[in-house]
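Atoms within each ligand, like the ligands themselves, are counted from 1 in listed order. All values below come from the heavy atoms of this structure, side chains included, with hydrogens, waters and symmetry mates left out.
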Amino acid sequence: MANGDGTAVVNSWNEWDTLREVVVGSADGACYEPTEPGNRPQVRDRPDEPFPTGPKPPEVIAKANEELDRLAEVLESRGIVVRRPAPYDFSQPLRTPHFGVENQYCAVCPRDVMITVGNEIIEATMSRRARYFEYEPYRHLVYEYWESDPRISWTVAPKPTMASAMYREEFWTWPLEERHRRMHQSEFCVTQDEVVFDAADMNRFGRDIVVQESMTTNRAGIRWLKRHLEPRGFRVHPVHFPLDYFPSHIDCTFVPLRTGLILTNPDRPLREDEVALFTENDWKLVEAPEPVLSNSEMPTHCQSSKWLSMNVLSISPTTVICEEQEAPLHDLLTDMGFEVLTVPFRNVFEFGGSLHCATWDIRRDGTAEDLFPRAKYTPLTAGSSR
Ligand code: ABU
């Protein structure tokens, strides 16, 4: 069954068209992320202290849920349909033939796992053991959408083994000078042997998809995305931010706000030879202001950077939702003509993200526009080896 206006039930081609239906994460059942080969969580400013394990305290969960619920209310007040993940017991340990992990993580950040690309839902491979089954809290929704509209396709990307050989353990002990020396090599904690990607390493720009090579997305993952998406009419562009030594998820680094405008991270410039794709196609790159919190002021158990400040959610080409204390960003966006809505969200930070991370857009207005008409692009399927 189609949506009332004839749009497919699942339809989202970019990060900014008018939002009609969205999933907002939930902190119910959340656990601390375990130490594993793809992740070394640390207590902020006390790296020698053991990172907690098991379920997060009920009061920490309650505060995050209050903010997630508030976001849901604001979205609903704008006429947007809000859906939520199903309950899931993240305290269950996992054992597969290839790995074991003492507990799982949470369903706060659907963006990391799930992506809508046009009328298709893709479940990412994921890159960390504790997140192997993180698609499960969203499956009831996927089935509902898939059953209700024959135009919807649903793809589960190949699951990697996440065996020890998939990871590069020494990555975690490289000194900063070593990281700087290697900054153009794009070799992180995941090797290139298996297909690996988190959905949050992608930005959607109509028929163009930009994918960051990172700790959570490798070159095999990008190849898989190219081979999957190119026959469906998309162009997939890998991007790199060489000064980000621990890259994971593009939405605190490169944030498209509307056609022609991208918010960028001044600490993480785009690789020089990749800028032309944007500038030659009339995209303006605007640097985000310094976040209000410094890295050392971020919540104790938060593994994300201060740049969660720019992890905003666009609900239309003219309206953006921001964390309520990020006044310099509000001012910049207002000066650029946006209506800025604000919600408190700092209690969500330690669950892995801010407003963009904590959402997964299901339906926006819009279609597969070509927003890079001058892109020079060689499809992988035509013989390129990248
Ligand atoms: N999950 C988004 C975190 C990215 C960052 O810390 O920059």
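- When only non-hydrogen protein atoms are considered, atom 3 (C) of ligand 1 lies nearest to Ser304 OG, 3.7 Å.
- Relative to the six-membered ring of Phe171, Arg179 meets both conditions, a distance below 6.0 Å and an angle of at most 45° to the axis.
- For the pair Gly352 and ligand 1, the shortest N or O to N or O distance falls below 3.5 Å.
- Ion pairing between a basic and an acidic side chain is recognised when a charged N comes within 4.0 Å of a carboxylate O; Asp370 and Arg235 show such pairing.
- Judged by the shortest distance from any of its heavy atoms, Ser248 lies inside the 4.0 Å radius around the atoms of ligand 1.
- Look at Arg268 and you'll find a heavy atom under 4.0 Å from some atom of ligand 1.
- Glu187 has a carboxylate O that lies under 4.0 Å from a charged side-chain N of Arg168, or vice versa, which qualifies the two as a salt bridge.
- In this pair, Phe254 and Phe205 present their aromatic rings tilted. The plane angle is within the 30 to 60° band.
- If you check which protein heavy atom lies closest to atom 5 (C) of ligand 1, you get Ser305 OG, 3.5 Å.
- If you chain together hydrophobic residues whose side chains sit under 4.5 Å apart, Ile209 and Ile115 fall into the same group.
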